[in-house]
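Numbers restart at 1 for each chain; the letters A, B, ... are given by sequence-line order, proteins then strands.
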Amino acid sequence: MRYSEYFIPTLKEVPTEAVVPSHQLMLRAGLVRQVSAGVFSWLPLGFRVLNKVINILREEMNAIGGQEFLLPALNPIEIWEQTGRVEAMGDVIFHIKNREGLVLAPTHEEIIAFHAKQHIQSYKDLPQIWYQIQTKFRNEPRPKSGVLRCRQFIMKDSYSLDTTWEGLDESYNKHLEAYKKIFTRCKLNFFIVGASSGAMGGSKSQEFMIESDAGEDVCAIAPSGYAANLEVATSSLPPVGRKNHCPPIEEFPTPNAKTIDDLIEQFGFDENSLAKSVIYIIDSEPVLILMRGNDELNETKLQAAFGTNKFRPATPEELLEITGANAGSIGPVNLKSNIKVVADSLLKDANSLVSGANKDGYHLKNIDFLRDCKIDAYYDLRTVREGEPCPISGTPIKIVKAIELGHIFKLGTKYSEALGATFLDKDGIQKPIIMGSYGIGVERIIACFIEQNHDENGIIWDYPLSPFDIHLISINVKSELVKEYSEKIYTSLTQANYEVLYDDRDETAGVKFNDADLIGIPIQIIVGEKNLKNGLVEIKFRKNNQRELVAEKELLNWLKEKIPTKS
RNA sequence: CGGGGCGUAGCGCAGGUGGCUAGCGCGUCUGUUUUGGGAGCAGAAGGUCGCAGGUUCAAGUCCUGCCGCCCCGACCA
């Protein structure tokens, strides 16, 4: 490809709207342009990279027996109503205004189940793995960080259809392995975490992450190999437990203590002897939740424990009405109204605890959960913190920000049941198909690669994602010698099946070098008069800036050794 | 949806207590000299100052409303 004829609008300056490095570089190197918030166009250079990613996805999905579909982005809303997701996803779904009954699909479990219902009838028709690489539409309230969170984006989404739970395990593991291969081939430094299934439903789920400050997820990782999304992460902290002697419960004044920290400071309590109370309204019912000391309630865990996402913290007025006190003096004993009380597992059957007295300005000490109050249930509700011992072998947990590249779910029968996608088993019994769902954000692969591979001059591509194999730079096109050799090299490289970006522009050397570093193709071949007089061309490796002089005649042989076979 | 910032030439920005023909850098075009790390000189083109309304003799500048974009938060398969 001749640069002079190719559309690569590089930018010298960093666009102000771009904050994260990958976004800045994707704009500067001319890979993408923004059209509106969360909506991007892929320019020719970027589209080449996108297609390389898509090829890898396709190869690895085909390798596990996946069959490629292209499902519609326009979906009848009825299908989405049948699974209850019009309500569950709410504003995320785009609704078509001038044609009643159509929505833009944010994902495709429903359509897959719809086709399964149409044509899967017998256990003999299963298992199946169906996938597509297609545009998704989600009405994100706040798109951000370039292509990392968009209203329109490309997803590789696949779905497994099985007759048994063991079959689902097998399909799930096939995807797990395929995803590892995909991200490894894309040269991404990734890790896998246990994750929450959230509104998708289903049992097990795992996410593929890369560590990045630009990420929106937070993960707990440990040297033992433990890795979990903070939403579900646990640690092996010992429970508070019971003391041998617990005197009778005792009220004491705490006029200036509103927080756990105040209590520790003013009265010298051990943080572990304090029980913090918060009130949530869960499915319209108030629930008192007890947490150890300053432990933070994890709302994802709360959602899992109660099986609903309809909850919110109580308002100050509600607090007073429910407990008889204001925030800071609330506790499980002497509640004004008879409400459900749950506690974090660390507080299981504990005693010698301090908590609010449900009377402003007073707390109670020597509380015994077995003696003085009724705890309806214990759940793991706390958010893990940096340095806590990991559940595998007690190594200290590190908390990192991460970008989610992919997510795999064991869905189960939620969608097949809702849409009536069933099959007849060997005994002639009708059963719902057992589904799995597996997604990869295609653009995120590119953004994540750039997050991990750039320097102050630009992107540092590697094979196989690099938009071209070789960047051929002709210095001073007005020199007949340079021009003649550049053209000759360009022709021979192209004939040898290399993808070459040939900078034949009438620009100064500096402009060409800077653009080459910005675009970041791994190998630059620099053709200049000085070296050519000795029959040499210069090779520059973008990655480490190392240079080598190679005889022009030896170039093809040299490249054979240096450029890995393209996959 | 709450909080903050921004909107002036293709890009980056200045002008903002109202006042003459709206500037600067980069880029673009023409000519010329250059040619191994974003060239020099000379000339030129390019703007509904986000949109609408208002105040005024006079609005990029002041007022009101709206729209758009970015950031923080909420939300997010």
task = Give the B/S/- string for nucleotides 35-49 of chain B, one per nucleotide from 5' to 3', where a protein heavy atom under 4.0 Å of the base yields B, of only the sugar-phosphate yields S, and otherwise -.
result = BBBBB----------

With a 3.5 Å cut-off and sequence neighbours excluded, list the donor-acceptor pairs that the side chains of residues 447-461 of chain A form with protein atoms.
from: A/Glu451; atom 1: OE2; to: A/Ser22; atom 2: N; distance (Å): 2.9
from: A/Glu451; atom 1: OE2; to: A/Ser22; atom 2: OG; distance (Å): 2.6
from: A/Gln452; atom 1: OE1; to: A/Asn189; atom 2: N; distance (Å): 2.9
from: A/Gln452; atom 1: NE2; to: A/Asn189; atom 2: O; distance (Å): 3.0
from: A/Asn453; atom 1: ND2; to: A/Phe449; atom 2: O; distance (Å): 2.9
from: A/His454; atom 1: ND1; to: A/Ile450; atom 2: O; distance (Å): 2.7
from: A/His454; atom 1: ND1; to: A/Glu451; atom 2: O; distance (Å): 3.3
from: A/Asp455; atom 1: OD1; to: A/Asn457; atom 2: N; distance (Å): 2.8
from: A/Asp455; atom 1: OD1; to: A/Gly458; atom 2: N; distance (Å): 3.1
from: A/Asp455; atom 1: OD1; to: A/Arg542; atom 2: NH2; distance (Å): 2.8
from: A/Asp455; atom 1: OD2; to: A/Arg542; atom 2: NH1; distance (Å): 2.9
from: A/Trp461; atom 1: NE1; to: A/Ile519; atom 2: O; distance (Å): 3.0

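Atom CZ of A/Phe94 is separated from atom P of B/C76 by 17 Å (rounded to the nearest Å). In this entry the distance linking CZ of A/Phe311 with P of B/A74 reads 13 Å, nearest Å. Regarding A/Glu13, its CD atom lies at a distance of 13 Å from the P atom of B/G25, rounded to whole Å. A straight line from CD of A/Glu216 to C1' of B/C71 spans 13 Å, rounded to a whole angstrom. Spacing between atom NE2 of A/His407 and atom C1' of B/C76 amounts to 13 Å, rounded to whole angstrom units. Computed from coordinates, the A/Asp213 CG to B/C72 P distance equals 12 Å when rounded to whole Å. One interatomic measurement links the two molecules: CD1 of A/Ile93 to C1' of B/C76, which rounds to 13 Å at whole-angstrom precision.
Here B/C69 sits opposite B/G5 as a Watson-Crick or G-U wobble pair (both hydrogen-bonding atom distances under 3.5 Å). Nucleotide B/A74 is matched to nothing when pairs are restricted to Watson-Crick or G-U wobble geometry with both distances under 3.5 angstrom. Across every strand in view, B/C41 sits in a pair with B/G31 that passes the Watson-Crick or G-U test at under 3.5 angstrom. Searching all strands for a Watson-Crick or G-U wobble partner of B/G60 with both distances below 3.5 Å returns nothing. Across all strands shown, B/C24 forms a Watson-Crick or G-U wobble pair, both distances under 3.5 Å, with B/G12.
A salt bridge links A/Asp157 to A/Lys136: at least one charged side-chain nitrogen sits closer than 4.0 Å to a carboxylate oxygen. The pair A/Arg85-A/Glu110 meets the salt-bridge criterion, since a charged nitrogen lies less than 4.0 angstrom from a carboxylate oxygen. With respect to A/Lys483 and A/Asp504, no salt bridge is recorded, no charged nitrogen being found less than 4.0 Å from a carboxylate O. A/Asp506 has a carboxylate O that lies under 4.0 Å from a charged side-chain N of A/Lys478, or vice versa, which qualifies the two as a salt bridge. A salt bridge between A/Arg2 and A/Asp503 is absent, with no side-chain N of the basic residue lying under 4.0 Å from a carboxylate O of the acidic one. Between A/Glu231 and A/Lys301, none of the side-chain N atoms (NZ, or NE/NH1/NH2) sits under 4.0 Å from a carboxylate O, so this pair counts as no salt bridge.
As rounded to the nearest Å, B/G18 and B/C62 have C1' atoms that lie 7 Å from one another. Atom P of B/U21 sits at a distance of 31 Å from the matching atom of B/C41, rounded to the whole Å. Remark: the separation of the C1' atoms in B/C20 and B/C1 is 47 Å, to the nearest Å. Taking atom C1' on both B/C29 and B/C66, the two are 39 Å apart, rounded to the nearest angstrom. When the P atom is used for both B/A74 and B/A59, the distance is 45 Å, rounded to whole Å. When the C1' atom is used for both B/U30 and B/G37, the distance is 27 Å, rounded to whole Å. Only the P atoms considered, B/G60 is 14 Å distant from B/G53, to the nearest whole Å. B/A9 and B/G65: their C1' atoms are spaced 28 Å apart (whole Å).
Applying side-chain contact (heavy atoms from CB on, under 4.5 Å) to A/Val537 and the options A/Leu472, A/Ile473, A/Leu532 leaves one that passes, A/Leu532.
With sequence neighbours left out, the side-chain contact (heavy atoms from CB on, under 4.5 Å) criterion links A/Thr259 to A/Asp261, A/Asp262. Checked against side-chain contact (heavy atoms from CB on, under 4.5 Å), A/Gln82 has the following partners two or more places apart in sequence or in another chain: A/Leu419. For A/His471, there are no ring-ring contact (aromatic ring centres under 6.0 Å, His included) partners, not counting sequence neighbours.
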Can you check nucleotides 67-70 of chain B for protein contacts, nitrogen or oxygen pairs under 3.5 Å, and list what you find?
from: B/C69; atom 1: OP1; to: A/Ala37; atom 2: N; distance (Å): 2.8
from: B/C69; atom 1: O3'; to: A/Gln34; atom 2: NE2; distance (Å): 3.2
from: B/C70; atom 1: OP1; to: A/Gln34; atom 2: NE2; distance (Å): 3.0

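No engagement by A/Tyr438 is indicated, since no non-hydrogen atom pair under 4.0 Å with the nucleic acid exists.
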